[in-house]
Each structure stands twice: as C-alpha cells, then as structure tokens.
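Here the structure comes first, spelled out in structure tokens, and everything after it is commentary.
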Amino acid sequence: MEHDSHTTWEFNGSFYQPSAFLMMGIPGLEALHHWISIPFCALYFIALLGNCLILFIVKKTQSLHEPMYYFLSMLAITDLGLVLCTLPTTLGIFWFNIRRIGFDACLTQMYFIHILSFIESSVLLAMAFDRFIAISHPLRYPSILTKATVIKIGLAIILRGMVSLLPIPFLLKRLTYCGKTELSHSFCFHPDIMNLACADIKVNVFYGMIILLSTVGMDLIFIVLSYILIIKTVISLATKEECLKALNTCVSHICAVLIFFIPMIGLSMIHRFGKNIPPLVKTLVAYTYLIIPPALNPIIYSIKSSHIREALFRALWRKSESDW
C-alpha cells in the first residue's frame with residue numbers, strides 16, 4: 001500500500017489494467033474516521049485476544065483434547081486469519097487515510113479473505129457433524145472422530161478452499177479495466193473488483209456463483225440437515241432434561257452459524273443484485289460479515305461452554321497465584 005490518491009494504468013494494446021485500486025472507508029463519514037476507528041480497534045482487540053485465548057486454553061488443557069475443541073481451534077485460527085487480512089487496510093484508512101492498494105496486493109488479499117471464509121464455512125459444517133455424531137451415536141463417537149480423522153478433515157477443508165478459489169485471481173487479471181478504480185470497502189472483495197471491469201464478466205459471475213453454491217451453499221444445506229437429524233434424535237430421548245442437555249451443547253454452534261452465514265449471504269446478494277442499495281448499508285454489512293464473527297465466536301463459546309470457562313478460570317487463577 002502507498003499513501004497516494006492516484007492510480008496509474010498499464011497499457012498493452014487494447015488491454016488496460018490499473019496499477020492500484022482505491023479503497024473506501026465508511027462513505028459519508030470520512031471526517032469521523034478517527035473516532036470510528038475506536039470501536040473497530042476494540043473489535044479487533046477482542047477478536048485477537050479471544051481467539052488466542054481459545055487456542056491457548058485448548059492446547060494447555062488435556063481434558064479439552066477432543067474433536068469438538070479441535071474443531072473450535074480450527075475456527076479460532078480461521079477467525080484470526082480473517083482479522084489479520086483486513087486489519088492493516090481498514091485501520092490504514094481510518095488512521096492515516098491510506099486508500100491506495102496495489103493491483104496484485106489487492107488480488108492476494110481478496111484470495112485469502114475468500115479462502116478463509118470458505119474454510120470457516122467448512123469448519124462450521126464439521127462442527128455440525130461433530131454434534132450430530134456426539135448426540136446420535138455417543139458410544140461410537142470416539143471411534144468415528146479420532147485424532148487422525150480430525151486432521152484429515154482439516155486438511156481436506158484447507159485443500160478445498162485453496163483449489164476451488166485458485167482460478168479467481170487469474171480470471172480477474174485477464175479482464176480489461178477502465179475508468180473507475182474505487183472499491184466499495186476497506187478490503188478487496190471479488191464481486192467488487194469484478195464490477196470495475198469494462199470487459200465481459202460473465203465467466204467471472206458464473207464461476208463465482210457455481211463455487212459459492214457448491215461450497216458455502218452445500219455447507220449450509222448439510223448443516224441444516226445435521227440439525228434436522230439432531231432434533232429427530234433429541235425428540236426420541238426419554239426425559240425433558242436429556243433433551244435440553246443435548247440441545248444446550250449445540251447453542252454455541254448455532255449462534256456461530258447464524259452470525260457467519262446471515263451477513264455473508266446478505267453481502268453476496270447486495271453485490272450481485274443490490275444496485276440501488278445505499279453504499280453505507282453495503283459497507284456495514286461487509287464489516288458485520290468480516291469483523292463481528294471473529295470477535296463474537298470466542299465470547300459465545302466461553303459463555304456457553306463450561307469446560308472452556310473452567311479452563312480459563314483455572315489459567316487466570318494460576319497466573320494470579322504466580323504473581324503473588
């Protein structure tokens with residue numbers, strides 16, 4: 001990134017490509033960016049601290065070395081990645097008005113943001129599968145979700161995200177861009193870059209839609225199916241107390257699914273069909289999608305999971321004793 005408000009163009013026959021794009025903060029509130037940065041800094045701090053604590057607690061607590069908490073650790077790592085992808089450019093705009101980002105740097109940021117989003121979607125699906133096995137087949141749970149199986153699931157999730165999105169930067173690099181270079185957000189997003197092109201973007205639109213539906217769309221469908229099966233199992237339990245206890249283990253995951261998928265679907269729909277939606281709405285939905293889940297997930301799991309809460313209190317107690 002450079003502190004520059006102008007972009008130059010590379011010319012190659014009839015092919016035009018910007019050397020940089022201009023990112024956008026919060027439209028209409030540019031004069032208040034320094035003040036607006038305060039809640040953003042708080043959210044980033046909570047996300048970084050909370051997810052690091054989750055990883056530390058799971059690593060140090062032997063009783064948490066179970067599939068459920070391994071998947072929670074994957075979610076925490078993914079959330080940390082999303083935070084680190086957007087933090088430099090977002091705070092760069094709010095603090096120093098650094099709007100310019102190089103073309104290749106923008107594509108790189110976009111690629112990692114989308115990979116991490118797809119990985120988060122897949123991890124949430126794996127967590128739904130974990131809850132289904134734990135509730136529906138508790139006796140077979142340890143033999144089905146072994147440590148080796150969890151590692152294989154994690155590697156498959158990463159590989160699926162990387163391979164499915166690999167063509168996206170190349171599809172954007174082949175396009176001719178002209179005129180407007182201003183993005184809608186303080187980070188690079190595929191539909192946002194694509195819409196700045198003055199070439200035919202049908203291939204980009206089609207590929208983006210197919211990948212979104214075949215990955216995130218399928219993940220959401222299978223998550224819903226998992227919960228239908230979980231509810232079916234819970235209804236068959238003998239007592240009301242058993243039903244509530246089983247469902248209580250799913251509350252944190254349901255919250256994580258809702259705060260991730262609702263803004264993600266909303267942002268995708270806005271970019272593809274919301275031509276007349278005010279820029280401020282588009283910006284707020286984008287920040288909700290990328291900043292709120294990483295900040296809230298560790299809080300939700302710390303509140304709802306007694307094991308995480310107890311391990312955190314033990315760690316704090318040991319720390320206070322060592323200080324004395």
Side-chain angles (χ1 to χ4, degrees), residues 1 7 16-24 78 81-90 93 99-122 157-158 160-220 260-275 277 279 281-291 293:
M1 291 187 300
T7 59
Y16 290 86
Q17 191 174 91
S19 62
F21 290 115
L22 296 177
M23 296 177 295
M24 173 73 73
T78 307
L82 279 171
V83 167
L84 295 174
C85 275
T86 60
L87 186 150
T89 52
T90 300
I93 289 175
R99 297 182 60 202
R100 191 175 187 270
I101 183 170
F103 183 81
D104 289 332
C106 187
L107 295 188
T108 302
Q109 185 193 44
M110 175 216 70
Y111 180 63
F112 281 104
I113 286 174
H114 286 293
I115 278 181
L116 290 165
S117 296
F118 279 32
I119 288 174
E120 179 138 353
S121 170
S122 301
I157 286 170
I158 295 169
R160 184 179 79 151
M162 291 178 65
V163 172
S164 62
L165 289 166
L166 190 60
I168 294 290
F170 300 102
L171 289 173
L172 289 171
K173 282 184 77 73
R174 72 180 180 86
L175 296 175
T176 297
Y177 298 83
C178 51
K180 190 178 178 184
T181 60
E182 196 170 71
L183 301 170
S184 304
H185 310 295
S186 60
F187 56 87
C188 297
F189 193 61
H190 175 239
D192 205 16
I193 301 171
M194 177 180 69
N195 289 330
L196 295 179
C198 54
D200 186 357
I201 60 171
K202 287 178 183 175
V203 173
N204 295 67
V205 172
F206 180 75
Y207 186 78
M209 188 64 74
I210 290 296
I211 290 300
L212 189 65
L213 292 175
S214 63
T215 53
V216 177
M218 292 303 296
D219 289 345
L220 184 56
F260 175 75
F261 279 102
I262 290 174
M264 184 187 197
I265 293 168
L267 185 61
S268 297
M269 294 301 101
I270 285 171
H271 270 287
R272 282 171 174 82
F273 309 113
K275 301 296 182 184
I277 291 178
V281 174
K282 189 186 294 186
T283 301
L284 292 176
V285 173
Y287 286 131
T288 302
Y289 160 50
L290 285 177
I291 300 177

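Note: hydrogens, waters and symmetry copies are ignored here, and every other heavy atom, side chains too, is used. Residues take their numbers from the sequence shown, with the count starting at 1.
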Test disulfide bond (SG atoms under 2.5 Å apart) applied to Cys188 - qualifying residues, sequence neighbours left out: Cys106

Partner set under side-chain contact (heavy atoms from CB on, under 4.5 Å) for Ile158, not counting sequence neighbours: Ile119, Met162

Contact summary for Lys180 and Leu196, nearest pair of heavy atoms: O-CD2, 3.8 Å

Close side-chain approach of Leu213 to Met218, heavy-atom, < 4.5 Å: no

To the nearest 0.5 Å, what is the distance between OG1 on Thr288 and CD1 on Ile291? 8.5 Å

Tell me which pairs pass side-chain hydrogen bond (donor to acceptor under 3.5 Å, both in side chains) where either residue lies in residues 107-116, with sequence neighbours left out. Thr89-Gln109

Could you note down all residue pairs passing salt bridge (charged side-chain N to carboxylate O under 4.0 Å, His left out) where residues 102-116 supplies at least one of them, sequence neighbours left out? Asp104-Lys173

Mind checking what makes side-chain contact (heavy atoms from CB on, under 4.5 Å) contact with Ile277, not counting sequence neighbours? Ile270, Val281

Testing the basics here: between Leu212 and Ser268, what is the closest heavy-atom pair and its distance to 0.1 Å? CD2-OG, 3.9 Å

How would you list all residue pairs meeting side-chain hydrogen bond (donor to acceptor under 3.5 Å, both in side chains) that involve residues 183-199, not counting sequence neighbours? Thr90-Ser186, Ser184-Asp192, His185-His271, Ser186-Tyr287

Could you list the residues that satisfy side-chain hydrogen bond (donor to acceptor under 3.5 Å, both in side chains) with Arg160, not counting sequence neighbours? Ser122, Asp219

Rounded to the nearest 0.5 Å, the CG atom of Leu290 sits from the CZ atom of Phe260 at a distance of 9.0 Å

With under 30° as parallel and over 60° as perpendicular, where do the rings of Phe103 and Tyr177 fit, or are they tilted in between? perpendicular

Please give me the minimum heavy-atom distance between Gly161 and Ile115, naming the atom from each residue. O-CG1, 3.8 Å

How long is the span from the CG atom in Leu166 to the CG atom in Leu171, to the nearest 0.5 Å? 10.0 Å

Ignoring hydrogens, what is the shortest heavy-atom contact between Ile193 and Met110? Give both atom names and the distance. CD1-SD, 4.0 Å

Rounded to the nearest 0.5 Å, how far does CG of Leu172 lie from CD1 of Ile201? 9.5 Å

Applying side-chain contact (heavy atoms from CB on, under 4.5 Å), name anything that partners Val83, two or more places apart in sequence or on another chain. Tyr44, Ala47, Leu48, Leu87, Pro294

Measuring from atom CZ of Phe112 to atom CG of Leu84, what distance do you get when rounded to the nearest 0.5 angstrom? 12.0 Å

Search all heavy atoms of Leu175 against all heavy atoms of Ala197 and return the closest pair with its distance. CD1-CB, 3.8 Å

Quick one: which residue pairs count as a side-chain hydrogen bond (donor to acceptor under 3.5 Å, both in side chains) with a foot in residues 200-210, not counting sequence neighbours? Arg174-Asn204

Would you call Phe189 and Leu183 a side-chain contact if the rule is heavy atoms closer than 4.5 Å? no

Ile211 versus Ser164, closest heavy-atom pair with distance: CD1-O, 3.7 Å

Value for OG1 (Thr181) from CE (Met23), rounded to nearest 0.5 Å, stands at 11.5 Å

